[in-house]
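See below for the structure under consideration.
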There are 2 protein chains.
Amino acid sequence: MNKGKLNEGARPTMADVARELGVAKITVSRALSNHSTVKESTRALIRETAERMGYRLNVAARNLRQQRTRTIAVVIEMAPSHDRLMSEPYPLSLLGGIMQELTAAGQNMVLTTIDLFAEHPPSIDGVILLGQGVHDDAAAAIEAMGLPYVVWGAAHGPPGRIVVGSDNRDGGRIAADYLLGRGRRELIFLGETQHGEVEDRLIGFEAGLRGSEAVIVDRIACAFTAAAGREAVNRLLDRAKCFDGIFAASDAIAMGAIEALAARGLTVPGDVSVVGFDDSPGASIFSPKLTSVRQDWAVGGELLAKKVLDLVARRRVVSHAMPVELVVRDS
Amino acid sequence: MNKGKLNEGARPTMADVARELGVAKITVSRALSNHSTVKESTRALIRETAERMGYRLNVAARNLRQQRTRTIAVVIEMAPSHDRLMSEPYPLSLLGGIMQELTAAGQNMVLTTIDLFAEHPPSIDGVILLGQGVHDDAAAAIEAMGLPYVVWGAAHGPPGRIVVGSDNRDGGRIAADYLLGRGRRELIFLGETQHGEVEDRLIGFEAGLRGSEAVIVDRIACAFTAAAGREAVNRLLDRAKCFDGIFAASDAIAMGAIEALAARGLTVPGDVSVVGFDDSPGASIFSPKLTSVRQDWAVGGELLAKKVLDLVARRRVVSHAMPVELVVRDS
DNA sequence: ATGAAAGCGCTAACAC
DNA sequence: GTGTTAGCGCTTTCAT
């Protein structure tokens with residue numbers, strides 16, 4: 001004991017605490033991590049001394065030694081920007097659900113974009129990817145890293161990939177039912193079907209219309225923003241398209257569409273019925289209050305976290321599609 | 001060379017790549033991190049071999065050796081929950097600004113709550129704390145860790161602490177000016193002044209009214225939610241309070257207040273003028289459109305990130321209060 | 001331009 | 001109940 005040189009100035013290590021007390025550093029380690037084999041009096045003494053000396057565990061050293069980090073990366077597929085953060089299409093509540101569950105499991109979460117992740121990989125045990133990217137490129141990039149990972153989105157990837165998402169086809173179907181029930185017959189679909197989830201919404205929508213007299217008179221690819229919805233509807237009206245119902249792939253699109261209709265003197269739901277997607281916070285504030293297909297983001301986030309932790313622990317894991325629900329309001 | 005045992009099954013290390021090529025592991029390290037001293041042909045060969053063998057850098061090992069993690073913790077003062085995530089009072093755009101700046105500097109970000117942070121400290125170089133907590137307890141807890149840190153909020157703490165926030169007093173002042181300009185004389189303040197930022201808003205509000213004929217007839221402590229705003233106004237009306245202007249510490253509170261007024265047959269801005277705070281996304285959707293004091297969250301986030309990185313690099317850093325701006329709409 | 005040795009701070013495995 | 005040894009995978013330092 002008492003070997004090795006001192007360590008003035010720098011942050012004290014376990015070796016410093018051990019030397020101070022004339023014990024082995026492993027005893028300090030055991031005392032501070034509540035190992036049962038340490039005598040209560042020793043533990044108290046070590047605790048106190050560590051505290052007095054301002055000792056802090058070096059987490060990087062522990063991570064290296066234990067070969068695990070208790071940290072999960074949440075990777076956002078798109079780059080953040082001032083006006084279009086991950087609010088669309090993946091809202092805060094999804095992140096909230098993930099955090100909830102990771103926190104409960106004592107896991108940390110590093111939030112990053114796909115680009116930063118590739119360039120500066122953090123020290124992690126697993127990955128939650130939000131959004132597969134167009135043509136699955138984001139998911140492929142993550143897969144190449146060889147870490148346990150799960151994806152939020154649509155189950156369009158290779159078999160074996162674990163995907164959690166809403167039942168988007170059923171969402172499309174219930175949107176169709178709603179519009180049919182309102183007697184709507186000439187319908188518009190607004191959304192970017194390169195996006196797997198949106199593609200599923202359209203497929204379900206078409207399936208829901210099959211056998212009815214209603215038809216989809218046009219579909220316009222548009223981003224998940226109000227501006228894109230506005231522009232899409234303006235284009236339709238400029239072309240003198242006739243329609244009496246819209247199914248939008250997000251509430252933001254729906255709001256933009258309604259604004260464009262109003263600007264041309266068309267009323268909702270008088271002239272046109274509109275169904276959005278997500279039941280986002282703005283949906284119940286907007287005027288008219290938006291009818292929308294609700295996804296349970298928070299539960300989705302919890303599932304993502306649970307599943308990635310199961311993968312890390314080498315437990316068996318399967319994909320999961322969550323039920324959606326129509327929230328009928330005034331549009 | 002070629003000493004040491006093989007390493008079948010497990011993930012290859014630099015030693016494995018080095019053995020494969022008959023070079024020293026330090027050469028592999030230099031090649032992969034673009035050290036200039038490595039011959040171009042060697043570098044290419046090592047690159048290729050590492051790729052073929054599926055080699056990945058062990059970030060935890062590098063962090064330990066270099067004594068830095070290139071990771072900053074963003075600590076949310078409150079626990080996340082399903083309905084009240086960090087949307088209020090710290091919105092996504094603040095996080096967006098932080099991410100923007102950290103990403104540009106090649107830094108990772110771990111997002112955590114104060115509780116999880118204390119219980120399972122992640123491996124980090126510095127901390128951004130969002131919200132000081134009531135009575136500064138959250139900031140005190142972080143300070144005790146002895147790491148570089150900056151805080152979003154009000155500059156009420158000990159000198160030397162680096163704080164970035166909006167000029168909340170000026171925000172209160174311009175809200176007062178607006179209400180006075182509308183001829184309002186009997187005013188209500190809604191907000192929890194235990195919260196340092198809200199306290200500043202009230203102080204500025206009072207200062208702005210000084211010398212006028214207007215008075216604050218009541219102030220009600222309420223949380224940053226629409227429900228709290230609704231309840232507060234209901235209580236006022238039940239007590240038959242007379243008032244013609246409200247300054248709410250957040251837009252959510254303002255919306256709740258307006259709903260409660262409308263439910264009792266009072267109109268905004270006919271009977272009562274209302275000023276919110278934050279200019280949150282809902283403010284321009286709500287009906288009536290909300291007049292609100294705008295904070296520049298994104299710039300605030302960037303400043304927080306810059307300053308904490310400066311601290312980590314032992315550069316000199318000072319606190320900063322950002323200007324606010326009144327957005328006049330229909331309330 | 002490349003290599004050998006040392007060691008970052010911690011904990012698993014095995015004594016005693 | 002406590003200690004000794006070894007080593008996680010990498011990069012710094014010093015040598016060649």
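Every chain is numbered from 1, with letters handed out A, B, ... down the list of sequences.
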Quiz item: Residues in side chain to side chain contact (heavy atoms under 4.5 Å, CB included) with B:H120, at least two apart?
Solution: A:R70, A:N108, B:L116

Exercise. Pick base, sugar-phosphate or nothing for B:T37, based on heavy-atom distances below 4.0 Å to the nucleic acid.
Key: base

Quiz item: Given axes from five pairs at either end, by how many degrees does the helix from C:dA1-D:dT16 to C:dC16-D:dG1 bend, rounded to 10°?
Solution: 30°

Practice problem: Return yes if some donor-acceptor pair links the side-chain N/O of B:N168 with the main-chain N/O of B:S166 below 3.5 Å, else return no. | Solution: yes

Practice problem: Starting from P on D:dG1, measure out to CG on A:L21 and report it in whole angstrom. | Solution: 18 Å

Self-check item: salt bridge (charged side-chain N to carboxylate O under 4.0 Å, His left out): pairs with one or both residues in residues 119-132 of chain B, sequence neighbours excluded
Solution: none

Quiz item: side chain to side chain contact (heavy atoms under 4.5 Å, CB included) with B:A105: which residues, sequence neighbours excluded?
Solution: B:Q107, B:L309

Exercise. Name every residue in residues 38-48 of chain A that has at least one heavy atom under 4.0 Å from any atom of DNA chain D, in order of residue number, or write none if there are no such residues.
Key: A:V38, A:K39, A:T42

Quiz item: Tell me, which pairs form a salt bridge (charged side-chain N to carboxylate O under 4.0 Å, His left out) where one or both residues lie in residues 143-157 of chain B, sequence neighbours left out?
Solution: B:E143-B:R161

Exercise. Could you tell me the separation between the CG atom of A:L64 and the P atom of D:dC10, rounded to a whole number of Å?
Key: 9 Å

Quiz prompt | Length of the line joining A:D16:CG and C:dC8:P, which is rounded to integer Å | solution = 11 Å

Self-check item: side-chain hydrogen bond (donor to acceptor under 3.5 Å, both in side chains) partners of residues 58-68 of chain A, not counting sequence neighbours, each pair once
Solution: none

Under 3.5 Å between N/O atoms: give me all the protein pairs with nucleotides 10-12 of chain C, atom names plus distance.
unit_1, atom_1, unit_2, atom_2, d
C:dC10, OP1, A:Y55, OH, 2.3
C:dC10, OP1, A:N58, N, 3.2
C:dC10, OP2, A:M14, N, 2.7
C:dC10, N4, A:K25, NZ, 2.4
C:dT11, OP2, A:S29, OG, 2.5
C:dT11, O2, A:R65, NH1, 2.7
C:dA12, OP1, A:Q66, OE1, 3.3
C:dA12, O4', A:R65, NH2, 3.3

Exercise. Only counting residues at least two apart or in another chain, list the ones meeting side chain to side chain contact (heavy atoms under 4.5 Å, CB included) with A:I162.
Key: A:V150, A:K307, A:L311, A:V317, A:S319

Quiz item: Can you list the residues that meet the side chain to side chain contact (heavy atoms under 4.5 Å, CB included) rule with A:A18, with sequence neighbours excluded?
Solution: A:V23, A:K25, A:V28

Quiz item: Toward the 5' end of DNA chain C, which comes first, B:Q67 or B:T27, by nearest nucleotide?
Solution: B:T27

Practice problem: Check whether any side-chain N or O of A:S33 sits under 3.5 Å from a backbone N or O of A:H35 as a donor-acceptor pair, and report yes or no. | Solution: no

Exercise. Sort and list the pairs that fulfil salt bridge (charged side-chain N to carboxylate O under 4.0 Å, His left out) and have at least one residue in residues 48-57 of chain A, not counting sequence neighbours.
Key: A:E20-A:R52

Exercise. Could I get the full list of salt bridge (charged side-chain N to carboxylate O under 4.0 Å, His left out) partners for B:D296, not counting sequence neighbours?
Key: none

